[in-house]
Visitor: 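Could you have a look at this structure, given as structure tokens, before my questions?
Chain letters run A, B, ... following the sequence lines, proteins first and then strands; every chain starts at 1.
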Amino acid sequence: MSRLLGVIDATNVVGGLQDLSLNRSVASIPFAGRYRFVDFILSNMVNSGVESVAIFPKHQYRSLMDHIGSGKNWDLDRKKDGLFFLPPFFEPNENSTVGSFARLEQHLDFFKRSHQDYVFIANSYVITNIDIEEALAEHLIHDHDITELVNHTHSLDMYIVKKSLLIELIEDRKNSQFISVSDVVNQPLHNFKIGTYTHSGYAAIMKTIEAYFHHSMKLLDPVVWNQLFPADRPVFTKVKDEPPTRYTAASTVTNSMIANGAVIEGKVDSSIISRAVKIGRNSHVTNCVIMQKSQIGEGCTLEYVIMDKDVRVLDGVTLKGSPEKPLVLRKGTVRDMAVSI
Amino acid sequence: MMVKKKCVAMLLAGGQGSRLQSLTTSIAKPAVPFGGKYRIIDFTLSNCTNSGIDTVGVLTQYQPLVLNSYIGIGSAWDLDRRNGGVTVLPPYTEASGVKWYSGTANAIYHNMKYIEQYNPEYVLILSGDHIYKMDYSKMLDYHIQNEAEATISVVEVPWDEASRFGIMNTNKEYEILEFDEKPAEPKSNLASMGIYIFNWKALKEFLEVDNVNEESSHDFGKDLIPLFLNEDKRLMAYPFDGYWKDVGTVKSLWEANMDLLEENPGLNLFDHSWRIYSRNPNQPPQYISHHAEVKESLVNEGCFIEGKVQNSVIFQGVKTGEGSFIDEAVIMPDAVIGKNAVVKRAIVPENIHVPDGITIEPEDGSSDIILVTDELIAKLRKDVTA
């Protein structure tokens, strides 16, 4: 039985992703053709044997709740432990960093009641495939108070902390002035023993549209693909029952990642195509990320475009962004005129 | 006490399907992969769910391990229900001995207690061998409107093929007058699809009669239907005009897969109002490499395609190497096609590895379809090195 309690702090606002998080929480931003951000960390936890996971959402969590449901797709609909969705009683005024004490305090009972001794605290904007058991082993060997998970020189904003210490920190927050686990780690003046655990695999820190685009394109590198999707540590997501992807006689596809239920009649190169996307004849889609159920008509040209869900591009429209500044089309919009940046 | 059900479905899934050769050595025919991500039984189970039938008994006998674990508690088809849902019904032993299912009707006879629990008005008999989409609730309405004791779904087949089927001779109103099993000189081209609706009361009575008849082979087509006709019961044919295919042979299984690749396929997998549900393999999206070329094909998730693929159906987790060429082929889950290998007009079963540089194709002018086996590959490798 795992000694770890998993916590996903999905309360952080990531300003740089605003275009993709207008109607949804960051945790439910689509990625890699068929996933949402949260799928990765949730699957990491499940694959590491974590049996009890709490998600702390911020506002607009409908899409997140719809995606997660009972947790069944992650094998987390359990009689004992399982998935806990812990919404706010009220939104604390302050904008916090990962492991917000003000938010965790609202569900302090949850921590007190659970039988696990250690807490793994993660965020919703880092995508990686990591063995958390290994990080816990390091934490125990070095007898840290808090272990911070890092990748190269970057913090992954993920932490392991003993549950009793976490409860103390939460209860003492007004006195100590610490606002979050992340805050404790980053403050120089205290007596806690802070250590690090280095994760050497691929990690995508998604704080801006540029990072989102960069990491989406990196998926086309088989080395990265294999690090994010190793066969023995699968990434689980909500099942959609889409049929296989259909390629017609007119389709030409190279260097792309394509999800199920798509119908490809045009030319696609170096792009990520999500579930149930339609790409019409004589359309050219290059260096793009096309999200679920978007439809591209005939004779369109798209370069460096991030297209959110349910966008419709009418026949003959040209849309161009640039490698430095991809063009983002918001969810549910219809495009009938050319745009170039 | 179970809640009463208007209609209970009984799905016959115990057949071997020996004409599918090595594909059914270790799995039953209904578990054979189809259409890039499905198993044959998905079509019937999805039809049940989409028709609002929530109580389905699945009768298994031959090699049931894969089928049983695939069906599980039925959640993939939304058949994990508090009242009803899916129940796998294997043969069992009783005080008098082991009761193997000796025929389709006999399998139902042994599970009368299962049906009785729900005290249904009607029983729908299905087989897990066919590829089609059908709204059984419309057939049930037809059965009720016509005040029939039994209704048999029929499909028009080409006259020159009619002698391969169980043929229903009817009057203009589709009332069945005669049943001819594989007639040498067919009088009609209405073939039975192996889908029956019975009034449970009548079926129960006739199952009892048939069970004590030592001459009987205990088969619905051969024995039960003639019994109903002899007793002047009202039997109706329900004409179905959609896509329906028996995938009982390697060739017909291959053809049915190829049918999906037509511009407007008879069976549309992309219809969101009639989804075909299946157990999802949960693999990442497919990757199509720099050098790949994919045309007129269906490709499922988890594939890594580096070669050329055309007119083919590729299941989940398949890898194809650089320079490989796949044409008019069906590549089943987790098969690997090596570099510069060629596979044409063939079915490559699950987990088969076609080594680099091997060519698999029928002889010139042959209309055969090759079912690839480990033995065939061993032979081809020898030929290459010889």
Side-chain angles (χ1 to χ4, degrees), chain A residues 31-35 39-40 43 70 72-75 77 129 219-222 224-226 228-231 234-265 268-278 293, chain B residues 34-38 42 46 49 75-78 80 257 260-263 265 267-272 274-306 309-319 334:
Chain A
F31 183 65
R34 65 191 290 268
Y35 303 97
D39 292 339
F40 290 82
S43 301
S70 63
K72 186 178 175 136
N73 286 306
W74 296 266
D75 205 22
D77 59 335
N129 204 317
L219 291 168
L220 301 174
D221 177 349
V224 170
W225 196 86
N226 282 321
L228 282 181
F229 304 106
V235 183
F236 303 101
T237 187
K238 186 182 176 189
V239 154
K240 290 280 184 188
D241 290 290
E242 292 289 347
T245 300
R246 183 182 167 91
Y247 297 86
T248 67
S251 78
T252 310
V253 179
T254 43
N255 187 35
S256 293
M257 194 170 179
I258 319 248
N260 270 3
V263 179
I264 314 289
E265 300 192 77
V268 178
D269 180 46
S270 304
S271 295
I272 309 291
I273 309 293
S274 307
R275 295 198 270 209
V277 163
K278 288 194 169 54
K293 288 192 199 159
Chain B
F34 179 81
K37 81 174 275 195
Y38 310 97
D42 287 329
S46 300
T49 297
S75 6
W77 306 269
D78 217 9
D80 50 337
N257 276 286
L260 297 171
L261 303 176
E262 284 171 16
E263 192 164 349
L267 187 103
N268 180 10
L269 294 173
F270 286 74
D271 177 4
H272 281 183
W274 201 274
R275 275 187 206 265
I276 304 304
Y277 300 104
S278 63
R279 233 196 215 196
N280 280 259
N282 212 339
Q283 296 201 23
Q286 58 204 268
Y287 174 71
I288 312 293
S289 87
H290 284 284
H291 312 290
E293 195 182 319
V294 185
K295 287 189 193 299
E296 291 186 89
S297 294
L298 286 171
V299 182
N300 199 16
E301 58 197 31
C303 289
F304 202 93
I305 308 292
E306 297 194 88
V309 176
Q310 64 185 31
N311 304 306
S312 293
V313 174
I314 315 286
F315 284 73
Q316 65 269 15
V318 167
K319 294 192 167 45
D334 303 311

Visitor: Under a 3.5 Å distance rule, please check whether B/Lys295 uses its side chain to pair with a backbone N or O of A/Ser251 as donor and acceptor.
Guide: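 Checking the backbone N and O of A/Ser251 against the side chain of B/Lys295, a donor-acceptor pair under 3.5 Å is found.
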Visitor: Okay, side chain of A/Arg34, backbone of B/Gln283: is any donor-acceptor separation there less than 3.5 Å?
Guide: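 Yes; judged by distance alone, with no hydrogens or angles, the pair exists.
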Visitor: What's the separation between atom CD1 in B/Ile288 and atom CD1 in A/Ile273, rounded to the nearest 0.5 Å?
Guide: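 Those atoms lie 11.0 Å apart.
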Visitor: State, with a plain yes or no, whether a side-chain heavy atom of B/Phe315 is found less than 4.5 Å away from one of A/Pro244.
Guide: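 Of all side-chain heavy-atom pairs linking A/Pro244 with B/Phe315, none is under 4.5 Å.
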Visitor: Please look at B/Leu260 and chain A and tell me whether the side chain, the backbone, both or neither of the residue comes under 4.5 angstrom of a heavy atom of that chain.
Guide: backbone
Visitor: Considering residues, nucleotides and ligands other than B/Glu262, do more than 12 of their heavy atoms fall under 6.0 Å from its CD?
Guide: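 Yes.
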Visitor: Using heavy-atom distances under 4.5 Å, tell me whether A/Ala262 contacts chain B through its side chain, its backbone, both, or neither.
Guide: backbone
Visitor: Which atoms of B/Pro265 come close to chain A, meaning under 4.5 Å heavy atom to heavy atom: side chain ones, backbone ones, both, or neither?
Guide: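 The side chain, not the backbone.
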Visitor: Please state whether the side chain, the backbone, both or neither of B/Asn280 comes within less than 4.5 Å of a heavy atom of chain A.
Guide: side chain
Visitor: Highest number of heavy-atom pairs under 4.5 Å with chain B: which of A/Ser256, A/Gly33, A/Ala259?
Guide: A/Ser256
Visitor: Measuring heavy-atom distances to chain B, does A/Lys72 have an atom under 4.5 Å in its side chain, in its backbone, in both, or in neither?
Guide: side chain
Visitor: Tell me, side chain or backbone of A/Thr245 under 4.5 Å from chain B's heavy atoms, or both, or neither?
Guide: both
Visitor: Under 4.5 Å heavy-atom distance to chain A, tell me which part of B/Phe304 shows up: side chain, backbone, both or neither.
Guide: side chain
Visitor: Is chain A contacted by the side chain of B/Leu261, its backbone, both, or neither, given a heavy-atom distance below 4.5 Å?
Guide: backbone
Visitor: Can you tell which of B/Gly36, B/Ser289, B/Pro284 has the highest number of heavy-atom pairs within less than 4.5 Å of chain A?
Guide: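 Most heavy-atom pairs within the cutoff with chain A belong to B/Pro284.
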Visitor: Please tell me if the side chains of B/His290 and A/Asn255 come closer than 4.5 Å, counting only heavy atoms from C-beta onward.
Guide: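 SC-SC contact between B/His290 and A/Asn255 confirmed.
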Visitor: Let me confirm one number: the CD1-OH distance from B/Ile305 to A/Tyr247, rounded to the nearest 0.5 Å.
Guide: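 B/Ile305 CD1 to A/Tyr247 OH: 7.5 Å, rounded to 0.5 Å.
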Visitor: Find the distance between CG (B/Leu269) and CD (A/Glu242) and round it off to the nearest 0.5 Å.
Guide: 11.0 Å
Visitor: Pick from A/Leu220, A/Val263, A/Asn73, A/Leu219: which one has the most heavy-atom pairs with chain B under 4.5 Å?
Guide: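 Looking at each of A/Leu220, A/Val263, A/Asn73, A/Leu219 in turn, A/Leu220 comes out on top.
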Visitor: Non-hydrogen atoms of chain A under 4.5 Å away: do they reach the side chain of B/His272, the backbone, both or neither?
Guide: side chain
Visitor: With a 4.5 angstrom heavy-atom cut-off, could you sort out which part of A/Val235 is near chain B: side chain, backbone, both or neither?
Guide: backbone
Visitor: Can you say whether A/Ala32 sits under 4.5 Å from chain B via the side chain, the backbone, both, or neither, judging by heavy atoms?
Guide: backbone
Visitor: If only atom types and distance count, is the side chain of B/Lys37 paired as donor or acceptor with the main-chain N or O of A/Asp241 below 3.5 Å?
Guide: no
Visitor: Is it the side chain or the backbone of A/Ile272 that comes within 4.5 Å of chain B heavy atoms, both, or neither?
Guide: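 Neither the backbone nor the side chain of A/Ile272 comes within 4.5 Å of chain B.
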Visitor: Would you call B/Tyr287 and A/Ile258 a side-chain contact if the rule is heavy atoms closer than 4.5 Å?
Guide: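 Not in contact.
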